[in-house]
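Inspection log for the structure reproduced underneath, given as structure tokens.
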Amino acid sequence: MTTAIIGTGGIGSAIARQLASGGETLRLSSADNESARRLAAQIGGAAVVAAGNRDALQGAGTVVLALRFTVLKSVIDEIAGSLAGQLVVVPSNPLTLDAHGNLTRVLPEGQSSGEVVAGWLPAGARLAMAFGTLTADLLESAANRSPEPAVLFYVTDDDRAGEEVERLIRTAGFEPVKAGGLGQSSRLEVGGDLHDLVVGPAKARSLTGAA
Ligand SMILES: NC(=O)c1ccc[n+]([C@@H]2O[C@H](COP(=O)([O-])OP(=O)(O)OC[C@H]3O[C@@H](n4cnc5c(N)ncnc54)[C@H](OP(=O)(O)O)[C@@H]3O)[C@@H](O)[C@H]2O)c1
């Protein structure tokens with residue numbers, strides 16, 4: 001199947017490599033497409049560079065917005081006309097650097113980034129927050145672990161989005177575990193109890209209360 005990846009920096013390129021090695025076809029775009037071109041050349045035939053962000057969605061059923069939180073809304077506005085019927089996957093942490101170079105949360109404490117992003121999407125788009133719990137390095141080193149697979153946590157309010165993001169997580173070489181609805185997204189982000197956690201399915205289910 002085909003997934004669009006908009007943003008081919010640290011996390012976008014790691015997600016792209018993992019999905020391609022699991023058999024996914026990719027359409028890539030980035031701000032000036034230079035990093036997208038380098039990544040496509042590295043991945044080979046499974047990845048093509050799109051003409052731009054909107055073009056990346058052509059023929060794709062899923063789009064991963066691997067962008068810094070502060071540019072998410074402007075890119076969503078740019079591609080909104082093509083998002084109906086799409087699974088939208090967002091790995092972004094709601095962080096930015098303050099004037100002193102310290103990481104700071106861009107949303108008020110307690111406000112869910114998942115609910116904020118859902119409010120930016122047009123009707124008909126299905127959102128899952130996923131692929132942002134591990135660093136890019138960990139995402140690549142923990143994939144396809146054996147004998148016990150490592151878990152990637154996700155949150156969504158939409159059952160169909162849940163099924164679709166679970167397929168994508170398995171394609172990337174992980175076992176999916178739902179951590180709740182979009183209101184629980186802070187558990188996945190930097191500082192959340194499920195962030196940077198490499199655990200197997202049994203431990204993951206005990207942490208989330210999943211069956
Ligand atoms: N890096 C990690 O290990 C990691 C892990 C988990 C979660 N996250 C989260 O994922 C998000 C992205 O982090 P990152 O480290 O991947 O950031 P990054 O390395 O700065 O990459 C950002 C990407 O966004 C692209 N971009 C910026 N504006 C764009 C636009 N208007 N249209 C299309 N693409 C645009 C950039 O394009 P160019 O390449 O052309 O400049 C770049 O490829 C952050 O919220 C971060 O917290 C990161």
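Order of listing sets the numbers, starting from 1, for every ligand and every atom in it.
Remark: side-chain polar atoms of T208 are not paired, donor with acceptor, to backbone N or O of A179 under 3.5 angstrom.
Applying the salt bridge (Lys or Arg N to Asp or Glu O under 4.0 Å) definition to pairs two or more places apart or across chains, those involving residues 89-113 are R105-E189. Under the salt bridge (Lys or Arg N to Asp or Glu O under 4.0 Å) criterion, the residue pairs touching residues 55-84 are R27-D55, K73-D77, with sequence neighbours excluded.
Residues that satisfy the salt bridge (charged side-chain N to carboxylate O under 4.0 Å, His left out) test with E164, not counting sequence neighbours, are R126, R160.
The pair R167-E24 counts as a salt bridge, with a side-chain nitrogen and a carboxylate oxygen less than 4.0 angstrom apart.
Within 4.0 Å of ligand 1, protein heavy atoms belong to I6, G7, T8, G9, G10, I11, S30, A31, D32, S35, N53, A66, L67, R68, F69, V75, P91, S92, N93, G132, L134, T135, A136, listed by chain and number.
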Exercise for the section: Check step by step if side-chain hydrogen bond (donor to acceptor under 3.5 Å, both in side chains) holds for T8 and S35. Expected result: CA-CA 6 Å; T8 47; S35 64; 2.7 Å; yes

